[in-house]
Each structure stands twice: as structure tokens, then as C-alpha cells.
2 protein chains.
Amino acid sequence: MNSTNTAVSRRDQILREAARLFAERGFHGVGVDEIGAAVGISGPGLYRHFAGKDAMLAELLVGISGRLLTAGKRRVAEASGPEAALDALIRGHIDFAIDDRPLITLHDRELDRLRESDRKLVRQLQRQYVEEWVAVVGRVHPGATEREVRAAVHGVFGLLNSTPHLGAQSSLPGRAEMSELLRRLALGALGALDSAADWRVTY
Amino acid sequence: MNSTNTAVSRRDQILREAARLFAERGFHGVGVDEIGAAVGISGPGLYRHFAGKDAMLAELLVGISGRLLTAGKRRVAEASGPEAALDALIRGHIDFAIDDRPLITLHDRELDRLRESDRKLVRQLQRQYVEEWVAVVGRVHPGATEREVRAAVHGVFGLLNSTPHLGAQSSLPGRAEMSELLRRLALGALGALDSAADWRVTY
DNA sequence: TGAGGATGTTAGCGAGCGTTAACTGATGAC
DNA sequence: GTCATCAGTTAACGCTCGCTAACATCCTCA
């Protein structure tokens with residue numbers, strides 16, 4: 001029996017628990033013994049599956065960055081026009097933010113703990129993903145300058161990635177409702193780019 | 001000569017450098033020797049000014065949380081109405097986000113590294129600050145449910161706090177322009193709450 | 001059957017880190 | 001002039017942590 005026979009392989013199990021722990025207490029705040037304990041083995045046992053603690057973080061960050069970019073490109077390519085592409089990008093990002101909270105958190109928090117080469121790779125994937133957004137948003141809101149669009153896109157990322165901060169409280173909307181709300185908020189924020197040309201002249 | 005005679009006391013100098021380093025590499029990723037080196041003294045020399053590394057982080061987080069809350073309350077109290085109060089809250093938060101980037105970063109990233117008592121205090125201050133916003137936003141957008149308002153406020157925080165992520169690149173707006181853009185984006189996002197009642201029935 | 005690989009275990013090494021101890025020089029008070 | 005205090009130094013302790021070594025167990029398959 002090879003490892004892919006099990007529903008989730010031990011590797012994947014380790015990655016998921018590591019992501020959760022890293023997101024909760026930070027990369028340096030989690031020991032290998034704790035990661036091992038989370039999957040029911042000892043700390044050193046992890047080294048049968050990963051070269052080291054760094055390798056786990058690297059695989060997590062490269063993975064999420066790559067999946068975000070791939071899904072984003074696909075959605076834009078399949079969209080019928082700029083507005084549809086933007087909506088698809090927003091919906092896709094929201095799905096990631098809600099379903100992979102720990103990864104979204106790590107993604108912009110622990111990047112600097114990576115080896116140089118891994119960090120460059122992740123940054124490159126992130127940059128391409130941002131460019132995808134900037135291109136689409138620029139077409140939907142042609143009145144805004146590229147600098148404005150770029151800053152707005154980062155702001156919208158911050159908005160959409162805010163879900164992890166509200167730890168599953170009962171006083172919050174459910175998944176579907178939250179998803180729709182975030183989509184509205186994002187579209188509302190980007191809508192402000194249209195009136196940008198008006199107030200820009202006041203400076 | 002007491003310590004307040006100098007423009008910035010050694011304590012404040014240490015706090016500023018520690019904030020920068022913690023934000024860059026994480027609390028656990030920075031050693032006391034590095035903090036000391038950043039202000040031109042040895043690591044152990046820091047213990048003449050602080051009880052320990054933890055105490056520095058605690059003072060930073062309690063300080064920023066308290067100042068955010070104090071400034072927020074003052075601005076709301078001085079505002080002529082809900083719309084003016086909201087605008088004042090947004091402008092105030094943007095000032096913090098732009099001027100105290102490292103602190104804003106630490107503020108929602110390293111909270112869990114605090115001792116129980118300090119953490120409770122910071123959380124309480126943060127909660128009060130959120131409540132200030134929720135109350136004002138709720139009055140400006142009475143059609144939205146409180147859960148929606150709460151989630152939206154957190155989203156707007158994420159939006160406004162996104163500035164630190166874009167390390168001072170030349171392709172970004174200047175301070176005044178960025179501030180105005182963020183304000184527009186935030187107002188645009190919250191504006192989406194008005195139409196919330198419309199699409200909510202579709203579920 | 002039994003060799004070998006996969007997947008664990010425990011013991012322990014070596015480095016790094018926060019912290020303390022002991023000491024030193026400068027400065028201001030009386 | 002002496003003495004206390006402040007603000008710094010270096011040395012070193014003790015603990016934690018990532019990782020390796022050596023050994024154990026089970027499963028597979030020729």
C-alpha cells in the first residue's frame with residue numbers, strides 16, 4: 001500500500017496540523033515535538049516525512065501561493081469579461097480565506113522565515129497573483145492610476161483576509177452569509193476607485 | 001538631568017527599535033542582542049531599562065491599544081454626528097496605520113506572546129475600540145445587522161492595516177494620497193452595508 | 001522464511017537564547 | 001573628596017530547541 005491509499009496521507013496530516021500551529025503561535029513559537037504530538041507521533045518522527053521544520057513551512061507557503069495563482073489565472077481566463085473576472089477573483093480569494101484560514105495567515109506573516117530561494121519563489125508567485133488582480137481591476141476601473149489600483153488591491157486583500165482574525169465566534173455570520181458580505185465589501189471598496197479622479201484634483 | 005530632558009529617552013529609543021525588529025522578524029525571531037545592537041548597547045544592557053524581553057512587547061502592545069482607544073473615543077465625542085464620527089475614526093486609524101506601521105503589525109500578530117494578564121488587558125482595550133467602531137457604523141448604516149457590522153468593521157481594519165504590507169515601494173502613492181485613498185476605500189466598503197438588506201433576502 | 005524498507009521510538013548533542021552576576025567608569029550631591 | 005547611583009560591559013549559567021544516531025517494529029514480497 002502506498003501512502004496515497006489513505007484518505008489523507010500522514011504527510012498531509014502533518015502539514016495541516018503544522019499550518020494550524022504556526023498560524024496560532026508563530027513559526028518560532030512552535031516546537032517540532034508539538035507538531036509531532038498533534039499527529040500522534042514524537043518530534044523526531046517527523047523527519048521521516050520532512051527534511052526539517054523549515055521544509056514544512058516552505059511547502060505550506062509555496063503550496064498556498066501556487067494554488068491561489070493557479071486558481072486565479074483559471075478564473076480570469078474563463079470569465080466573460082473584466083467585471084465577471086473581478087467577481088470570480090473575489091469569490092475565489094474568499095473561498096481560500098475562509099477554508100484555509102491558517103494558510104492565509106501564514107502566507108503574509110511567516111514569509112521571512114523561509115530560506116532565500118524558497119522566499120524568492122513564494123514572492124514571485126505572490127507578485128504574479130497581485131498582477132492578475134491589478135490587471136483586472138485596472139480594466140474595471142480605468143479612471144484610477146496604476147498606483148491607486150495597486151494599493152487598493154492590497155487593501156482588498158487585507159479586507160478579505162480579515163476572517164481569520166475573528167475566531168469562530170457565535171456572534172458572526174455563517175459561511176455563506178460571510179462570503180457574500182465580504183464580496184460586497186470588496187466590491188464596495190473597489191467602487192471607490194471610480195470617483196478617484198474627482199478628488200485627486202483637489203490636491 | 002533626568003531622562004525626559006533628551007528629545008527621545010533611551011527607553012523610547014529601545015521601544016522603537018524593538019517594535020521595528022519584532023514586526024520584521026517576529027517576537028521569537030529577534031534576540032535581545034539584536035535589539036541592544038540596534039540602539040548601540042549590548043543585549044544585557046537592556047535590562048537596565050526593562051524587566052525582560054516580554055516587558056518590551058507588553059509595553060508596546062498596551063501602548064498602541066490604549067492610544068488607539070483613547071484617540072478613537074475622543075474623536076467620536078468631538079464629532080458633530082455619526083457620519084462625522086465615522087470619518088474621524090477612519091482618519092485616525094489611517095494615521096496610526098501609516099505612522100506606526102510596526103506597531104499596527106505587532107498589534108494583531110504577536111498578541112499571543114504576552115503573559116496572561118497583559119494579554120487580557122490588550123484584548124479588553126481592543127474590544128472597546130471595536131465597540132466604538134461598531135456603534136458608530138451601526139448608526140451610519142442602520143439597515144445592517146450587528147453581526148454584519150462587526151464583520152465589516154474587522155474587514156475595514158484589515159483594509160486600513162494593509163499599508164505595512166507594501167514596503168515603501170516607489171510605485172506607491174505618497175502619504176497624503178495614500179491616506180485619502182484608504183479613506184475612500186473604507187467608506188466604499190462600508191457603503192456596501194446599505195444594500196445589505198436587499199441581497200440578504202435572497203438566502 | 002527472512003531480507004529490506006517504511007515508520008516509529010528514545011537518548012543525546014550542539015547551538016542559541018534569555019537572564020543573572022560581577023565588575024567598571026562617569027556623573028552629580030553633599 | 002568621597003560616595004552613591006546610573007548605565008554600561010563581559011562572562012557564564014541553564015534551558016530549550018532542532019536535529020541526528022541508534023535501535024525497534026511491522027509489512028511486504030521474492
Side-chain angles (χ1 to χ4, degrees), chain A residues 1-61 106 110 112-116 118-119, chain B residues 1-61 106 110 112-116 118-119:
Chain A
M1 178 193 337
N2 70 29
S3 63
T4 60
N5 267 4
T6 12
V8 308
S9 70
R10 173 119 288 187
R11 259 185 79 91
D12 294 344
Q13 190 187 5
I14 293 170
L15 283 176
R16 204 178 51 235
E17 292 303 311
R20 184 179 57 81
L21 289 168
F22 289 161
E24 280 175 9
R25 304 216 291 282
F27 179 69
H28 290 298
V30 180
V32 291
D33 287 351
E34 299 178 74
I35 303 174
V39 298
I41 66 177
S42 68
L46 296 171
Y47 289 77
R48 297 292 170 197
H49 304 274
F50 294 92
K53 196 182 158 193
D54 300 347
M56 300 180 205
L57 183 64
E59 190 157 329
L60 286 171
L61 294 193
L106 291 181
E110 306 286 352
D112 297 326
R113 280 61 163 175
L114 257 47
R115 293 182 11 244
E116 169 82 7
D118 290 325
R119 192 168 55 237
Chain B
M1 180 196 332
N2 69 29
S3 64
T4 60
N5 266 4
T6 9
V8 307
S9 69
R10 174 120 288 189
R11 259 186 80 89
D12 293 344
Q13 190 188 4
I14 293 170
L15 282 176
R16 203 177 52 235
E17 292 303 310
R20 183 179 57 80
L21 289 168
F22 289 161
E24 280 174 9
R25 303 214 294 282
F27 179 70
H28 290 299
V30 180
V32 290
D33 287 351
E34 299 177 73
I35 302 173
V39 298
I41 66 177
S42 69
L46 296 171
Y47 288 76
R48 298 289 168 201
H49 305 274
F50 294 92
K53 196 182 159 193
D54 300 347
M56 300 180 205
L57 182 64
E59 190 157 330
L60 287 171
L61 294 193
L106 291 181
E110 307 285 352
D112 297 327
R113 280 61 165 178
L114 256 48
R115 296 185 4 246
E116 168 82 8
D118 291 325
R119 192 169 54 237

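In the text below, chain A, chain B and the rest are named by the order of the sequence lines, each starting its count at 1. Note that this is a predicted model, so its numbers are computed, not measured.
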Quiz item: If you measure from CG on B/Asp12 to CZ on B/Arg10, what distance do you get to the nearest 0.5 Å?
Solution: 11.5 Å
Self-check item: Integer-rounded Å distance: D/dG8 C1' and B/His49 NE2
Solution: 8 Å
Quiz item: Hey, is the side chain of B/Ser42 poking within less than 4.0 Å of OP1 or OP2 on D/dT9, counting only N and O atoms?
Solution: yes
For residues 37-59 of chain A, which side-chain N or O atoms pair as donor and acceptor with protein atoms under 3.5 Å away, sequence neighbours left out?
| residue | atom | partner | partner atom | Å |
| --- | --- | --- | --- | --- |
| A/Lys53 | NZ | A/Phe27 | O | 2.8 |
| A/Lys53 | NZ | A/Val30 | O | 2.8 |
| A/Glu59 | OE1 | A/Arg11 | NH2 | 2.5 |
| A/Glu59 | OE2 | A/Arg11 | NH2 | 2.5 |

Quiz item: Which residues satisfy the salt bridge (charged side-chain N to carboxylate O under 4.0 Å, His left out) test with B/Asp33, sequence neighbours excluded?
Solution: none
Please tabulate, one pair per line, each protein N/O and nucleotide N/O from nucleotides 3-5 of chain D that are separated by under 3.5 Å, including the distance.
none

Quiz prompt | B/Leu61 side, atom CG; B/Asp118 side, atom CG - distance, nearest 0.5 Å | solution = 9.0 Å
Practice problem: Working to the nearest 0.5 Å, report the span between CG of B/Leu60 and CD1 of B/Ile14. | Solution: 11.0 Å
Quiz item: Whole Å only: how far is the CD1 atom of B/Ile41 from the P atom of D/dC6?
Solution: 16 Å
Pull out every protein N or O sitting under 3.5 Å from an N or O of nucleotides 16-19 of chain D, one pair per line with the distance.
| residue | atom | partner | partner atom | Å |
| --- | --- | --- | --- | --- |
| D/dG18 | OP1 | A/Val30 | O | 3.1 |
| D/dG18 | OP1 | A/Lys53 | NZ | 2.6 |
| D/dG18 | OP2 | A/Val32 | N | 2.9 |
| D/dC19 | OP2 | A/Tyr47 | OH | 2.4 |
| D/dC19 | OP2 | A/Lys53 | N | 2.9 |
| D/dC19 | O5' | A/Tyr47 | OH | 3.1 |

Quiz item: OP1, OP2 of C/dG5 versus side-chain N and O of A/Arg48: anything below 4.0 Å?
Solution: no
Self-check item: Between C/dT19 (C1') and B/Ile35 (CD1): distance, integer Å
Solution: 13 Å
Quiz prompt | Nearest-Å distance for atom pair CZ/C1', residues A/Phe50 and C/dT7 | solution = 14 Å
Quiz prompt | Under-4.0 Å side-chain N/O to phosphate OP1/OP2 contact, B/Arg10 with D/dC6 | solution = no
Quiz item: Going by the salt bridge (Lys or Arg N to Asp or Glu O under 4.0 Å) test, which pairs reach into residues 14-24 of chain A, not counting sequence neighbours?
Solution: A/Glu17-A/Arg20, A/Arg20-A/Glu24
